[in-house]
Student: 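I'd like to ask some things about the structure below.
Lettering of chains follows the sequences in order, A, B, ..., and the numbering in each one begins at 1.
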Protein chains: 2
Amino acid sequence: MLLSNTCIYGLRASVLLASKHGDKFVTIRELSEELNISFHFLTKVLQQLTKSEILQSYKGPNGGVKLAKKASEITFMDVVISIDGNNIMKECALGMPVCSELKPCPLHDQWTAMKGNILNMMNTVSLDQLAANRHTDTLYNSYIAHARKE
Amino acid sequence: MLLSNTCIYGLRASVLLASKHGDKFVTIRELSEELNISFHFLTKVLQQLTKSEILQSYKGPNGGVKLAKKASEITFMDVVISIDGNNIMKECALGMPVCSELKPCPLHDQWTAMKGNILNMMNTVSLDQLAANRHTDTLYNSYIAHARKE
DNA sequence: TATAAATAAGATAAAATAGTCTTAATTCAG
DNA sequence: CTGAATTAAGACTATTTTATCTTATTTATA
Ligand code: SF4
Ligand code: SF4
């Protein structure tokens, strides 16, 4: 919708790699099974990330892929750009006929603010943050409390 | 990106119709020329809006399409649902592997807030608001001032 | 009533995206 | 050196989206 399917696969695999936080190579087979993505397709996607030097790969026995840098140094945006290119969110999703800097449509301010938020979050959130399961007891409990009500 | 191309065409045509604010039928040919969209393709798109009773159409000489209701009573969302269906923004564009209510990824709060904003704006903004060119002198002047600097 | 002006409907084509499969290249272990 | 494990590369297929083209159908008007 916002990101291509392919890109989401790449993100998921990258986050999974980050969560394994080892310096060992992980086989794409293992990733594909854990993520339930076709091995062959995931291979293609990860080849792209390897080309972009986000991942490092190694062939042969004990080979596989791993992050090329520390998970804290790879942003969400790095992966997105590698796969979906850097036009993400450049054009407006609304594309109203009156659209221009001089004649913005009524949604413009809100839209550009949201766009900024999304881009900002993509640029600042790193793989390690995504890998960290941020769920807290507080949230968990409030969810349980909510679930109990029904 | 967020909306399909087809949906954007539908929106543009609807807004253009709203801006013509007459009760007369407008030919799709005229709309397609003003919007620079293929006549045949636009015809298809508008047929869908007609089926959804957002537009009303009339065949034959002096025929065409027009809004089926007042522009203030048709929301952005009405058009979106008619063309892109009502799953818009139901699934998250990020789809991280840790995603669930219990184990949200670190982007979850910001994402759901933005999602809410988008849906809210789609639900509340009507075609007449979109048709109104909201540009003010203030904005215009600040733009000009900005442009002059370069 | 005949003709022309329109939309409706549906067949077809083209392009983009997603997915599969086969073969090549590299590397380790024996 | 050989064979197995692994990614790389590229051909191929399938699906979805976008676009075009053709043929109905409806309606006004001369
Ligand atoms: S004016 Fe702004 S929000 Fe509206 S269509 Fe243009 S870029 Fe998008
Ligand atoms: S936790 Fe929230 S933001 Fe993260 S992938 Fe799931 S729905 Fe999207």
Student: Report yes if a donor N or O on one partner sits less than 3.5 Å from an acceptor N or O on the other, where the partners are the side chain of Lys44(B) and the base of dT20(D); otherwise report no.
Tutor: yes
Student: Answer with base, sugar-phosphate or nothing: what part of the nucleic acid does Ile28(A) contact at a heavy-atom distance below 4.0 Å?
Tutor: sugar-phosphate
Student: Nearest-Å distance, CG (Leu42(A)) to P (dT6(D))?
Tutor: 15 Å
Student: Is there a side-chain polar atom (N or O) of Thr6(B) under 4.0 Å from OP1 or OP2 of dT18(D)?
Tutor: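 Yes, because at least one side-chain N or O of Thr6(B) sits under 4.0 Å from OP1 or OP2 of dT18(D).
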Student: Could you tell me whether Arg12(A) and Glu34(A) have a side-chain N and a carboxylate O separated by less than 4.0 Å?
Tutor: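 Looking at Arg12(A) and Glu34(A), the cut-off is not met.
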Student: Using a cut-off of strictly less than 4.0 Å, decide whether Ser38(A) has a side-chain nitrogen or oxygen near OP1 or OP2 of dT20(C).
Tutor: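 The answer is yes; a side-chain N or O of Ser38(A) sits under 4.0 Å from OP1 or OP2.
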Student: Quick one: Leu3(B) CG to dT17(D) P, roughly how many Å, whole number?
Tutor: 14 Å
Student: To the nearest Å, how far apart are Phe39(B) CZ and dT20(D) P?
Tutor: 12 Å
Student: For dT6(D), take OP1 and OP2 only and decide whether either is under 4.0 Å from a side-chain N or O of Thr27(A).
Tutor: no
Student: Are there more than 12 heavy atoms of other residues, nucleotides or ligands under 6.0 Å from atom CD of Glu73(A)?
Tutor: yes
Student: To the nearest 0.5 angstrom, please state how far the OH atom of Tyr9(A) sits from the CG atom of Asn36(A).
Tutor: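 Reported value, rounded in 0.5 Å steps: 9.0 Å.
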Student: Describe the nucleic acid contact of Phe25(A) in one word from base, sugar-phosphate, nothing, applying a heavy-atom distance below 4.0 Å.
Tutor: nothing
Student: In whole Å, what is the span from the CZ atom of Phe41(B) to the P atom of dA19(D)?
Tutor: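 For the pair Phe41(B) CZ and dA19(D) P, the rounded distance is 5 Å.
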Student: Determine: side-chain N/O of Asn62(B) to OP1/OP2 of dT29(D), distance under 4.0 Å, yes or no.
Tutor: yes
Student: When you measure from the side chain of Lys66(B) to the backbone N and O of Lys24(B), does any donor-acceptor pair fall under 3.5 Å?
Tutor: no
Student: Please state whether the phosphate of dA19(D), meaning OP1 or OP2, lies under 4.0 angstrom from any side-chain nitrogen or oxygen of Tyr9(B).
Tutor: yes
